[in-house]
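What follows is a set of notes on a single structure, which appears directly below.
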There are 2 protein chains.
Amino acid sequence: MIEIGIVEDNVKIRDLIQRYLDMQDNMSCKTAVDSVEEMLDYLKEHDPPDVMLMDIQLPGMSGIKGIGIIKKEYPEIEIIMLTIYHDSHKIFDSLVAGASGYLLKHTSLPEIKESIENLASGGAPMSPQIARKVIQHFNESKKEEKPESDLTAREQDIVNGLVDGLSYKLIADRFDISIDTVRAHIRNIYKKLHVNSKAEVIAKSLRGEI
Amino acid sequence: MIEIGIVEDNVKIRDLIQRYLDMQDNMSCKTAVDSVEEMLDYLKEHDPPDVMLMDIQLPGMSGIKGIGIIKKEYPEIEIIMLTIYHDSHKIFDSLVAGASGYLLKHTSLPEIKESIENLASGGAPMSPQIARKVIQHFNESKKEEKPESDLTAREQDIVNGLVDGLSYKLIADRFDISIDTVRAHIRNIYKKLHVNSKAEVIAKSLRGEI
DNA sequence: GGGCAAACCGCATATTCATGTGAAGCAAGT
DNA sequence: ACTTGCTTCACATGAATATGCGGTTTGCCC
């Protein structure tokens, strides 16, 4: 018997899902609340459910923040996001926060049921459209690595030296130029990047902002 | 009509899939080869297919390497991995390389067909088990970000200040302590991290090594 | 051939950093 | 009660950095 909890503020949707799931002979859904806060209160005094369906847009704490808190306290709970949002940021944030699945609200009741069973057998419920967004995220993070600043090749060399933790003198040695030249390049780099310390250049570079 | 190409070295499996797909009235599968190299040769002289099924373990170039090359030349081709490997590294590498879906070889023919149709409608074919692995990867990369150095809370504060590009003085102001205290903390941080410059601390931190 | 950007170099100065030595208050654990 | 570790602070010195000014050479474009 799979115990299910629901966090959803729309009463109609919540009741519908709860009734449907509770009707199944391998599931039990006794807990349906409309905020993360309520669910946390509930969990303090009851056994945690096996699976939790959670909305993102909720009164009070957002569902995404809720995932983190609930997962930290009760890591064994599997959380499925059930929401209208299909933008990749929300999907990504949810999964990083610890959600095990992500379904859109137009998902049919039998599909929700199937997803929960999926989860029990080690899968992760996710519609092909959502999966696609996740995959897109992989590719984007791969491509967006080059915001192409207008640093010259030599300036980029110097930046790399800084990132490697080298002093001006060592950078000068590495490229066989004088330390004053290094200084000159660094001045120009600072101007172009609108910074004024080694530290900021290194930070920018490692954040992929160069 | 969806044009499909197959790269698979097991002749039995290849023929089976090819015949089945070609039999569908909305699909055409005329191209089935047993290596990436052959497929590249084929693509030079023919129109590219819309969707490509690809194995990982292949004679010559691996399927994962093949994805990258094919996607670079023909970015419009949607590639579905069809393989026996279900370890998260291969899955992850494939998706990063540009695959749009990932199916295990025990997937039934109708499911393969469905997956291809999925792809055409903007989804990403992925079994719940595979999706689970992908999600696990999110959580792992989240956890593995903290190789837990033994920096104290205060020391971590100071590091954050450095990463923000602040000078000692500004860090002192931010936490309302004296600049000499900042120095003291930095000394300890350097000892713990085995470095001896601001630059290295920032680099380590942004690389996730703290 | 003039203009221009990039790479190169030098000198000077104020600020910031790295490092040493030393010490006091406080909380946690032995 | 004693040790240990974290946080706080001080004074000092040499090294490194940030920033100002100046300059030459080279290659490219109009």
Side-chain angles (χ1 to χ4, degrees), chain A residues 68-69 72-73 144-210, chain B residues 142-210:
Chain A
I69 295 175
K72 192 170 178 186
E73 289 286 313
E144 283 172 7
E145 270 168 19
K146 285 195 175 182
E148 285 304 323
S149 62
D150 45 354
L151 293 190
T152 67
R154 198 47 142 186
E155 286 165 352
Q156 189 60 60
D157 286 342
I158 307 282
V159 169
N160 291 337
L162 292 180
V163 171
D164 290 343
L166 303 180
S167 67
Y168 288 5
K169 163 128 192 57
L170 287 176
I171 292 175
D173 288 350
R174 175 188 281 196
F175 299 115
D176 207 38
I177 58 181
S178 107
I179 192 171
D180 281 303
T181 303
V182 176
R183 273 194 247 270
H185 284 307
I186 296 230
R187 252 193 301 264
N188 293 331
I189 292 168
Y190 286 4
K191 279 208 178 69
K192 286 185 181 176
L193 300 184
H194 305 293
V195 300
N196 56 337
S197 79
K198 228 169 73 156
E200 290 172 275
V201 173
I202 295 169
K204 257 188 193 294
S205 175
L206 285 171
R207 286 200 205 94
E209 294 172 22
I210 294 184
Chain B
K142 185 188 163 198
K143 282 173 193 164
E144 285 171 8
E145 268 168 21
K146 286 195 176 179
E148 286 303 324
S149 57
D150 43 355
L151 294 190
T152 66
R154 197 47 140 184
E155 285 165 353
Q156 190 60 60
D157 285 343
I158 307 282
V159 169
N160 290 337
L162 292 179
V163 170
D164 290 343
L166 304 180
S167 68
Y168 288 7
K169 163 131 191 53
L170 288 177
I171 293 175
D173 289 351
R174 175 188 278 195
F175 300 115
D176 207 39
I177 56 180
S178 108
I179 192 171
D180 279 303
T181 303
V182 175
R183 272 194 246 273
H185 284 306
I186 294 224
R187 251 193 300 263
N188 293 330
I189 292 167
Y190 285 5
K191 278 210 177 67
K192 286 185 182 177
L193 300 184
H194 305 293
V195 300
N196 56 338
S197 80
K198 232 168 69 156
E200 290 171 276
V201 173
I202 294 169
K204 258 189 193 291
S205 175
L206 284 172
R207 287 202 203 93
E209 293 172 20
I210 294 183

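All values below come from the heavy atoms of this structure, side chains included, with hydrogens, waters and symmetry mates left out.
The side chain to side chain donor-acceptor pair (under 3.5 Å) check on Asp173(A) picks up Lys169(A), with sequence neighbours excluded. Scanning for side-chain contact (heavy atoms from CB on, under 4.5 Å) contacts around Asn196(A) gives Glu200(A), with sequence neighbours left out. Remark: Asp164(A) pairs with Leu166(A), Arg174(A) by the side-chain contact (heavy atoms from CB on, under 4.5 Å) rule, at least two apart or across chains.
Taken over five-pair windows at either terminus, the axes of the helix from dG1(C)-dC30(D) to dT30(C)-dA1(D) are inclined to one another by 50° (rounded to 10 degrees).
dT16(C) atom C1' lies 12 Å from atom CG of Asn196(A), rounded to whole Å. If you measure from atom CD1 of Ile158(A) to atom P of dA7(C), you get 9 Å, rounded to the nearest angstrom. When rounded to the nearest whole Å, the span between CG of Leu151(B) and C1' of dC6(D) equals 13 Å.
Between Ser197(A) and dT17(D) there is no side-chain polar atom (N or O) within less than 4.0 angstrom of OP1 or OP2.
What you find for Glu155(A) and Asn188(A) is that their closest heavy atoms are OE2-CB, 3.6 Å. Closest approach of Ala203(A) and Val163(B) over heavy atoms only: CB-O, 3.6 Å.
Interface residues of residues 181-188 of chain A facing DNA chain D, ordered by number: Arg183(A), Arg187(A); criterion, heavy-atom separation under 4.0 Å. Contacts between residues 167-174 of chain A and DNA chain D, defined by a heavy-atom separation under 4.0 Å, are made by Ser167(A), Tyr168(A).
For residues 181-191 of chain A, the set of pairs meeting the salt bridge (Lys or Arg N to Asp or Glu O under 4.0 Å) definition, not counting sequence neighbours, comprises Asp180(A)-Arg183(A).
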Do any N or O atoms of the protein come closer than 3.5 Å to N or O atoms of nucleotides 25-27 of chain D, and which pairs are they?
none

Within the sub-3.5 Å range, which N or O atoms of nucleotides 23-28 of chain C have a protein N or O partner, and how far apart are they?
none

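If you check distances only, the side chain of Asp180(B) does reach the base of dC11(D) with a donor-acceptor pair under 3.5 Å.
Exactly one of Val201(B), Leu162(B), Thr181(B) qualifies for a side chain to side chain contact (heavy atoms under 4.5 Å, CB included) with Ile186(B). That residue is Leu162(B).
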